Every structure is written in structure tokens, then in C-alpha cells.
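Reading through the C-alpha cells given below for one structure.
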Amino acid sequence: MQECDMVMKGGLTSGVVYPHVVKELSEHYRFKQIGGASAGAIAAVFAAAAEFQRQAPLLESEEPKEEEGGQEPPIGFDGVAELAKYLAHDMRTLFQPDPSFKRLFDILIAVVSETDSVLVATMRALIWPLAILASAFALGWWLFNNSGDLWEWIGIVLIAFFISFGIILASLSRVAFHHFPNADFGLCSGKTQDYAPKNKPAVGDWIRSNVDRIAGLGSNPDIPLTVGDLEARGVTLATMTTDLSTGRPYQLPFETSIHYFSKREFDRLFDSKFVKFLCETGGKHIADNTVMPTDDLYKLPVGRDYPVALAARMSLSFPGLIAAVPLYRYDDQLGDREARFMRRCLFSDGGISSNFPIHFFDAPMPRRPTFGITLGVWEEGRHSDADWVTMETHALQSTDLAVREISSPGGFAMSILNTAKDWQDTIQSMMPGYADRIVTIRLDPTKEGGMKLAMSKDTIEMLSDLGKRAGKQLVKAYSYTIDAKGFDQHRYARALSLLPKLELVLEEFANALDQPPMGVPDGLTAAQAMTEHDPAAYDVGSNSWRRDPFLAFARALEGVARGGQSEVQVPRRKRIQGREGKGLPVHDGRVRLIAESHRVPEHRR
């Protein structure tokens with residue numbers, strides 16, 4: 001079967017387009033690497049779970065079980081497609097605010113709803129202040145009818161108005177400065193609330209149960225689906241999250257054991273069985289000479305033990321709507337030999353740092369396509385009915401970006417935010433070898449996607465249909481089973497993107513290799529610094545590797561840059577890799593092609 005990778009953009013409720021994209025592609029491709037951010041991360045974990053289920057015969061424990069009221073919904077990719085039906089009927093119930101935010105939440109929902117009344121929601125939220133005003137008005141009217149003193153009536157109403165205004169202000173202040181921070185800046189925890197109707201889970205519990213069910217493990221197993229389970233069946237998962245406390249993004253699953261969680265805090269976010277698994281897998285954290293902010297810290301499982309559902313929940317922490325996920329780690333900038341300090345970190349939405357991580361799974365010359373599914377804006381006058389779902393056949397240019405007028409303070413602020421967080425993804429997606437593998441699904445921002453949690457059934461079904469069309473377009477362009485040539489064209493475009501830039505980089509490298517620093521003619525050349533300088537920061541170990549393969553590899557690259565064979569060749573099977581901690585620094589970098597921000601083409605294609 002053909003293989004592909006897939007990356008999906010974030011967008012909260014607009015993620016309803018993804019189940020049918022996944023289902024369409026699954027009929028032609030096996031998914032090897034799947035990633036996304038925010039709502040795209042939810043679709044990614046469902047797709048990964050479905051591929052996990054497909055890659056092995058059903059074990060006895062994986063067979064669907066009969067439950068009260070009938071058989072469970074389908075598993076695998078049929079189960080992914082079935083999610084669209086659930087969303088069409090019950091998407092709004094996935095977002096269940098904590099009780100202290102319920103009235104405020106109802107007002108916000110009404111603002112973006114197609115059917116709810118903002119006036120009715122506001123009156124329900126202000127029932128006590130309105131009752132005070134109504135009572136004061138009635139009392140003043142009664143006194144006016146008995147005494148004829150109009151000013152007495154006006155005075156009573158004014159006093160009631162200021163009391164009501166004070167109540168509203170005090171309530172808003174308490175919500176903003178007490179409840180909201182204590183809830184980690186989200187109206188919804190993601191955990192099902194006590195007031196919710198039966199069988200109507202909140203978004204976090206919904207993700208958790210459906211990931212395991214689609215994987216064929218049942219709806220609430222003792223051991224959830226993990227990254228190690230996926231890897232055992234040849235599936236790789238990647239999602240984005242953002243650590244606001246340290247100001248950096250993370251790709252999930254975590255691979256480094258530096259984070260811890262509080263059981264009490266996780267009990268607020270996840271069901272008891274899930275928290276029990278995390279505690280038993282990670283183990284209680286006990287440390288001497290540590291200033292601990294809480295006494296119930298456990299090590300967060302990483303690598304193969306990392307739960308798949310957690311990769312989605314940590315990526316979907318839409319700021320203000322869904323609570324951030326708190327984790328703890330040592331702050332090495334504080335403390336000394338006598339004591340270390342453990343600090344609390346808030347992990348929020350992956351879309352803050354990269355809403356469309358098209359760089360996931362990037363390779364200089366791929367052996368399978370990485371399909372990107374992104375979300376755009378449909379605008380009357382700019383787009384036709386044929387533009388709801390589109391794919392580019394070649395690279396775009398910077399001048400292809402739509403120019404939109406900014407005419408309000410809100411629009412100005414949103415443009416700042418969106419540009420800051422999305423510009424790299426936007427320009428990267430326009431490059432040769434990127435644009436041609438991305439399908440764009442456009443939504444009408446006045447009706448669909450975004451924060452519109454109360455979209456109508458017809459609207460959601462229409463979005464699901466757009467997802468089907470997107471999947472069919474990718475198959476039509478790329479699938480060898482229908483004699484499509486898209487991947488051949490894609491690899492040619494990747495070579496066009498990479499090789500000219502690589503040539504420039506190698507030429508710059510070669511020209512500097514045997515030169516001393518500018519203005520220091522007697523200084524060491526770069527080649528001499530590589531082999532003769534005594535580095536204070538790194539333990540070089542044996543010096544022999546510094547000439548072969550370290551300098552030898554540099555000379556080989558120099559030879560390539562100068563258009564011929566280098567006199568010094570890298571010996572077979574002798575590589576620089578594998579020396580981390582033995583002369584090479586340990587760091588998080590990798591070489592990849594990235595978009596530039598300063599170049600704009602002078603001529604269109």
C-alpha cells in the first residue's frame with residue numbers, strides 16, 4: 001500500500017473538516033507519520049489510533065464490546081468518519097465551562113452563535129442586578145404614587161443602579177482576577193462537568209475515550225494508547241504545544257524526562273483512571289534539597305510511555321477557552337548547591353507557536369509525500385464557488401498573499417497576533433516543494449470555524465463535505481493507483497528548492513574554511529580552529545577524530561562546493577555522529593530549508 005505522512009492546521013471548531021479528509025486518504029495510503037496543532041492535533045491522534053488498529057489483526061481484547069443500548073460505534077477509520085456525525089449533533093456539548101464561568105460562557109457563545117440570543121443570555125447572567133433594579137423601580141413608582149415626590153423615585157432608582165453596577169463590577173473582577181487564574185486561564189477544564197447530560201463528555205474526556213475506542217482498545221481501558229504502542233505498529237505521532245512560562249514551543253511527545261505534574265491539578269483535567277496510569281507509570285517524585293511548590297508531584301511519562309490522548313489535550317488549550325495544562329520542572333537559573341527550585345509551567349495551545357507545522361517530517365528528498373491540510377478564508381469577490389477547496393500545482397509567491405484592510409482596533413490587534421504567530425508557517429507553505437502538497441479548505445468566517453461552538457447541523461455537515469473533497473483532491477493529484485504524477489513533480493520541486501540554496505551555503509562554507517578572521521591576518525583559519533584550538537567549553541576527548549572525520553568531512557564538502565572531488569575523503573563508516581558528549585555539544589538543532597522574510601519577487605510567474 002502507498003505510504004504518506006500528514007500534517008493538519010489548528011483552528012478549534014474548524015477541525016470538523018478533518019475526519020473525512022483522513023477517511024478518504026486512508027483508502028489509498030497507509031499513514032506513517034501524522035502531526036498537527038490544536039484542532040489538527042486532535043485529528044492527528046484519531047488518525048494515528050485508526051492506523052494502529054489497521055496495522056494488526058484484532059486481538060480478543062480489541063474486539064468491540066456490546067454495551068447497554070447496542071454495540072459501540074465503529075473502530076478504525078470508520079470510527080474516525082463517525083466522529084463527524086457526533087460533531088454535527090453534539091459539538092457544543094464538548095465545551096463545558098466550570099460552574100463559576102457558566103453565565104459568562106453563555107454570553108460568549110451567544111455572541112458567536114447562529115441562533116442564540118445575546119440579550120437573553122445577558123439577562124440570565126445579570127438576573128440579580130436586574131432584579132434589584134426592577135424592585136427599586138417598582139418601589140419608587142409606589143412611593144411616587146403615594147407622595148408625588150418624583151425625586152424620591154429617581155433617587156431610589158439611582159441608588160439601585162449603582163448597587164447593581166457594583167455587584168456586576170465585583171463579580172467580573174472576581175472572575176477575572178481570582179477564578180480565571182485559578183482555572184489556569186480557561187473557561188473549560190476539558191473534563192466532564194457534573195451538570196452535563198448523560199453520555200455528553202467534555203472535550204478532554206471525549207478525546208481520551210475516542211482515541212482508545214478507535215484504536216480498538218475499548219472506550220475506557222486501564223492502560224491508554226501510548227506512543228510506544230503506535231511505534232510498535234510503525235506509526236509516528238507529533239503535535240505542538242507552547243510553554244508560556246519559558247517562552248518556547250515543544251514538539252510532543254516529550255522525549256526528555258524533565259517535567260512533573262501535580263496529581264491534584266491533573267484530577268481537575270482528566271478522569272481518575274487516566275491520572276492513575278500517569279502516576280503509576282511516572283512514579284512519585286521525591287527529592288532532597290528541593291524547594292517544592294506542592295507535595296504531590298509525579299514524573300510525567302515520556303517517550304514510549306507518553307499517552308497519545310495527552311498529546312492532543314496539551315496541544316488543544318485554546319487560550320481563554322480551554323485551561324492550560326500545568327507542569328513543573330527545575331529552574332536551573334535559581335538555587336545553588338544547597339537547594340534547587342521546582343517551578344510551575346503553563347502549557348497552552350500549540351497554535352500559538354506553530355498553527356500549521358508543515359515542517360514536521362520534512363526531509364531533503366522525501367520517499368513519501370507529506371500532505372498538508374490547511375484552513376483558509378473564503379471571501380466574496382475574491383473567491384468563487386470553485387475555491388472552497390483548492391490545491392496549488394506550483395509554488396506561490398509573496399505577492400499572492402491576500403491584502404486585507406485593517407479598519408478597527410480589534411482588527412489591528414488580531415492582525416498583530418496572527419502575523420506574529422503564523423508568518424513563518426504562511427511563507428513556508430508557499431515555497432516550491434511545500435505549496436504543491438497542501439490542500440486548502442476555505443471557510444466563511446461569519447458562519448464557520450474559529451470560536452463558533454454553536455454551528456448548526458447543516459453547517460457542520462457542509463464542512464464535513466469539504467473535508468471529503470479535500471481528501472479526494474489529494475488522492476487525485478498524488479495516488480499512483482490512478483496513475484497520478486504528483487509525487488514525481490513534488491520531488492522535482494523539492495530538488496529545485498533545496499539544491500540551489502545548498503550550493504550557496506557550501507560555497508560560503510568553502511570560501512571561509514581556509515581564511516583567518518577578518519582584520520586578523522595572523523589568526524587561525526577555520527580549518528585550524530577545528531583541529532588545533534583547545535576548546536574550553538567541550539571535552540574533545542581523543543584529538544584524532546578532529547582531523548578524521550571532523551575536518552575530513554569539511555574538506556569533502558569543500559570539494560563538492562568547488563565542483564570536484566576533494567583530495568581528502570570521509571572514510572567509509574566513519575562518521576561525526578554518535579559523539580554527543582565526547583567533543584560534540586548536545587543541542588536541539590537540525591538542518592532544514594526555511595523561508596526568508598526579506599525577499600519579495602519582482603515579477604510574477
Side-chain angles (χ1 to χ4, degrees), residues 1-8 17-36 40-59 62-64 73-84 210-217 225-239 308 311 358 360-373 389 391 433-434 436-439 464 467-494:
M1 192 175 190
Q2 298 175 98
E3 295 180 355
C4 76
D5 302 332
M6 180 170 57
V7 177
M8 289 167 281
V17 304
Y18 291 136
H20 284 297
V21 180
V22 171
K23 182 63 168 64
E24 289 289 335
L25 288 175
S26 71
E27 295 175 2
H28 294 262
Y29 290 93
R30 173 186 174 180
F31 296 112
K32 293 292 290 183
Q33 300 182 109
I34 312 168
I42 299 179
V45 301
F46 289 152
E51 191 62 67
F52 166 85
Q53 188 274 332
R54 179 164 66 174
Q55 289 308 313
L58 288 177
L59 302 176
E62 295 175 340
E63 294 176 355
I75 61 177
F77 289 105
D78 289 335
V80 174
E82 191 75 14
L83 295 176
N210 279 288
V211 164
D212 294 329
R213 177 185 60 78
I214 288 170
L217 305 179
L225 185 69
T226 66
V227 168
D229 295 329
L230 296 181
E231 291 178 353
R233 297 188 183 179
V235 181
T236 299
L237 175 70
T239 70
V308 170
I358 192 62
F360 277 176
F361 323 129
D362 204 11
M365 183 53 65
R367 295 188 61 192
R368 55 178 174 263
T370 297
F371 296 132
I373 300 96
V389 179
M391 277 190 67
Y434 291 83
D436 58 302
R437 59 184 169 92
I438 296 172
V439 62
S464 297
K468 292 180 183 179
R469 289 169 56 184
K472 290 181 183 297
Q473 283 208 23
L474 287 168
V475 169
K476 182 179 179 180
Y478 274 83
S479 178
Y480 285 104
T481 61
I482 59 173
D483 201 29
K485 303 298 183 183
F487 191 47
D488 297 335
Q489 173 64 30
H490 169 68
R491 287 180 290 173
Y492 176 68
R494 288 304 299 246

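On a predicted model such as this, the values are computed, not experimentally measured, just so you know. Index from 1, following the sequence.
A donor-acceptor pair under 3.5 Å links the side-chain atoms of Arg213 to the main chain of Pro74, judged by distance alone. Distance alone, capped at 3.5 Å, places no donor-acceptor pair between the Asp78 side chain and the Ile75 backbone. At least one donor-acceptor pair closer than 3.5 Å links the side chain of Glu51 to the backbone N or O of Phe31. Of the possible polar contacts, one joining the Arg437 side chain to the Gly433 backbone as a donor-acceptor pair under 3.5 Å is found.
Using a cutoff of 4.0 Å between basic side-chain nitrogens and carboxylate oxygens, Glu24 and Lys468 are not scored as salt-bridged. Checked for salt-bridge contact, Asp436 and Arg494 miss the test: no charged N lies under 4.0 Å from a carboxylate O.
Residues Glu3 and Arg367 are not in side-chain contact: their nearest non-hydrogen atoms beyond the backbone lie 4.5 Å or more apart. Using a 4.5 Å cut-off on side-chain heavy atoms (C-beta onward), Asp5 and Arg368 make contact. At least one side-chain heavy atom of Met1 sits under 4.5 Å from a side-chain heavy atom of Arg54. Counting heavy atoms from C-beta outward, Val22 and Ile34 have side chains that stay 4.5 Å or more apart. You'll find the side chain of Phe361 stays beyond 4.5 Å of the side chain of Lys32, heavy atoms only. A 4.5 Å side-chain heavy-atom check between Thr239 and Phe360 finds every atom pair outside the cut-off. With a 4.5 Å cut-off on side-chain heavy atoms, Val389 and Val439 count as touching.
Between Ala470 and Val21, the closest heavy-atom pair is CB-CG2, 4.1 Å. Of all the heavy atoms in Ala44 and Gly36, the pair that sits closest is CB-N, 4.2 Å. Taking all atoms of both residues into account, the shortest heavy-atom contact from Ala477 to Ala484 is O-CB, 3.4 Å. Here the closest heavy-atom approach between residue Ala50 and residue Gly76 is recorded as CB-C, 3.6 Å. Heavy atoms only, all atoms of each residue included: Pro369 and Tyr29 are closest at CG-CE2, 4.5 Å. Contact detail for Ala311 and Leu237: the closest heavy-atom pair is CB-CD2, 4.0 Å.
Here the straight-line distance linking atom OG of Ser26 with atom CE of Met6 works out to 9.0 Å at 0.5 Å rounding. Separation of atoms CG (Leu25) and NZ (Lys472) is listed at 10.5 Å; rounding is to 0.5 Å. Atom CZ of residue Arg233 and atom CD of residue Gln53 lie 8.0 Å apart, to the nearest 0.5 angstrom. Atom-to-atom distance recorded for Asp229:CG and Leu217:CG is 7.0 Å, nearest 0.5 angstrom. The distance from the CG atom of Leu83 to the OH atom of Tyr18 is 15.0 Å, given to the nearest 0.5 Å.
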Stepwise, does the side-chain contact (heavy atoms from CB on, under 4.5 Å) test hold for Tyr434 with Asp362? CA-CA 10 Å; Tyr434 291 83; Asp362 204 11; 2.4 Å; yes

Under the criterion side-chain contact (heavy atoms from CB on, under 4.5 Å), I'd like the reasoning laid out for Leu225 against Leu230: C-alpha separation, chi angles, the key distance, then a yes or no. CA-CA 8 Å; Leu225 185 69; Leu230 296 181; 4.0 Å; yes

Does the side-chain contact (heavy atoms from CB on, under 4.5 Å) test come out yes or no for Leu474 and Met391, once each step is laid out? CA-CA 8 Å; Leu474 287 168; Met391 277 190 67; 3.7 Å; yes

Go through it in stages, so that I can follow the logic: the residues are Ile373 and Met8, the test is side-chain contact (heavy atoms from CB on, under 4.5 Å), and I'd like the CA-CA distance, side-chain angles, deciding distance and then a yes or no. CA-CA 5 Å; Ile373 300 96; Met8 289 167 281; 3.9 Å; yes

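Phe371 and Tyr478 have perpendicular rings, their planes meeting at more than 60° on a 0 to 90° scale where under 30° would count as parallel.
Within a 6.0 Å sphere centred on OH of Tyr480, other residues, nucleotides and ligands contribute more than 12 heavy atoms.
For the residue pair Ser479 / Gln2, a side-chain donor-acceptor distance below 3.5 Å is found, with atom types taken as modelled.
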